[in-house]
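Atom set for the values below is all heavy atoms of this structure, side chains included, hydrogens, waters and symmetry mates excluded. None of the values given here were measured: they were computed from a predicted structure.
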Amino acid sequence: MTVARARIPELQELECYPAAVSASSASADKYPELPATAWAVLGMLSFGEKLTGNDLRKWASNSISYFYWSPSVSQIYSELKKLESLNLVTSQSVPEPRNRNRRVYEITEDGLAAVRAWANYAPVELPILKHGVLLRLWVGHLSEPERLKAMVRAHIDNLIEIRDRARAQARRSSAEPAWAYPTLSLRWSERYFQAELDLANQLLSDIDESSAQLGHVREFNEWGLPVPNNLGSWRDEGPR
């Protein structure tokens, strides 16, 4: 199923990696169509620091990864190279005592205009949920209830750990006034993982209910698996 995107009126999207976008053309509702890693890189550089690819990777791991994902170093350097070719970032080699030179990157005026336009005018999309635990619960008839509960308890342990890490990063970020919105995102992430934790705890009793519901199946096949009372009922899609 394709999810429709809510679009800003008169939004103009350009082809992926077009010629460099000037500050004037990118300042309204025009911006280049770049992959998410590129916008993350430009966003981090918009805070005004000169950063290496490794710096960007570390920062993403400590912040963006809690609500989006954490790009690899190779992804970041690949995007930096493309962004520099579009004049959206610039770089310079900085001498380091007793070490090889570091290449640091900073955002250009065109890059700032582009990421500002993207932040203000990009289409609003529904987040994509890919929940491995739920996928395994979906085929829970292939397992035993206690094994499913053990899986959910391991999931709960993981959630507690990542919730606590998000909380710690939010507190750390809140010490810097310029990171007010990164802090907001990290606090949201903490609440999100707490909500997921509450849902996971509810699953423990839901598993018992689902196990009892299997008792209403009228027939099991030769492998002992439940046969739906109404074969093919999944074809009834219902409301969309």
Side-chain angles (χ1 to χ4, degrees), residues 1-7 16 35-37 39-40 57-58 60-76 78-79 122-170 184-240:
M1 180 180 69
T2 301
V3 179
R5 300 191 301 177
R7 299 187 64 83
C16 187
T37 307
W39 293 123
R57 170 70 173 89
K58 182 176 180 180
S61 296
N62 290 338
S63 184
I64 296 172
S65 66
Y66 290 100
F67 54 86
Y68 201 84
W69 98 125
S70 184
S72 66
V73 173
S74 61
Q75 283 179 301
I76 288 176
S78 177
E79 295 306 331
V124 176
E125 299 181 345
L126 285 173
I128 298 173
L129 178 62
K130 296 172 66 177
H131 203 303
V133 171
L134 263 293
L135 185 59
R136 292 171 66 183
L137 284 171
W138 193 84
V139 291
H141 63 288
L142 303 176
S143 301
E144 296 295 328
E146 288 308 312
R147 182 170 292 276
L148 294 174
K149 287 183 180 181
M151 176 185 66
V152 171
R153 291 190 183 101
H155 177 50
I156 287 172
D157 290 341
N158 291 338
L159 288 169
I160 290 172
E161 180 182 353
I162 195 170
R163 179 205 60 189
D164 291 348
R165 292 208 316 263
R167 176 184 296 158
Q169 291 294 348
L184 175 153
S185 301
L186 286 164
R187 285 174 176 164
W188 177 91
S189 299
E190 178 190 349
R191 294 193 297 270
Y192 172 85
F193 291 121
Q194 180 60 54
E196 175 75 10
L197 185 58
D198 295 340
L199 290 171
N201 279 304
Q202 179 62 45
L203 281 173
L204 295 174
S205 59
D206 290 343
I207 288 171
D208 289 332
E209 292 180 13
S210 295
S211 179
Q213 189 177 355
L214 278 181
H216 297 288
V217 174
R218 293 195 294 262
E219 181 183 356
F220 290 82
N221 65 19
E222 64 269 31
W223 295 298
L225 300 177
V227 176
N229 294 345
N230 298 297
L231 288 170
S233 58
W234 53 267
R235 292 187 175 89
D236 302 327
E237 295 185 11
R240 300 188 66 176

Ile162: side chain to side chain contact (heavy atoms under 4.5 Å, CB included) partners, not counting sequence neighbours: Tyr66, Arg165, Phe193

For residues 217-227, which residue pairs qualify under side-chain hydrogen bond (donor to acceptor under 3.5 Å, both in side chains), counting only residues two or more places apart or in two chains? none

Side chain to side chain donor-acceptor pair (under 3.5 Å) involving Ser70 - partner list, sequence neighbours excluded: Arg57, Ser61

Out of curiosity, Leu148 CG to Leu203 CG, how far, rounded to the nearest 0.5 Å? 10.0 Å

side-chain hydrogen bond (donor to acceptor under 3.5 Å, both in side chains) contacts in which one or both residues fall within residues 190-205, not counting sequence neighbours: His131-Glu196, His155-Glu196, Arg163-Gln194, Arg167-Glu190, Gln194-Asp198, Gln202-Ser205, Gln202-Asp206

Can you name the residues that form a side chain to side chain contact (heavy atoms under 4.5 Å, CB included) with Ser210, not counting sequence neighbours? none

Please list, chain by chain and in numerical order, all residues satisfying ring pair (Phe, Tyr, Trp, His ring centres under 6.0 Å) with His141, sequence neighbours excluded. none

Selection residues 130-144 - residue pairs positive for salt bridge (charged side-chain N to carboxylate O under 4.0 Å, His left out), sequence neighbours left out: none

To the nearest 0.5 Å, what is the distance between CG on Leu184 and CZ on Phe67? 9.5 Å

I need the Glu79 CD to Thr37 OG1 distance, nearest 0.5 Å. 5.0 Å

In short, Ala200 meets Val152 closest at the heavy-atom pair O-CG1, 3.4 Å

Identify the heavy atoms of Leu186 and Ser63 that sit nearest to each other, and give their distance. CD2-O, 3.8 Å

Residues two or more places apart in sequence or in another chain: which of them pass side chain to side chain contact (heavy atoms under 4.5 Å, CB included) with Ser211? Pro145

According to salt bridge (Lys or Arg N to Asp or Glu O under 4.0 Å), who are the partners of Lys149, at least two apart in sequence or on a separate chain? Glu146, Asp208

Applying side chain to side chain contact (heavy atoms under 4.5 Å, CB included) to Ala36 and not counting sequence neighbours gives Tyr68, Trp69

Pairing residues for Ser143 by the side chain to side chain donor-acceptor pair (under 3.5 Å) criterion, not counting sequence neighbours: none

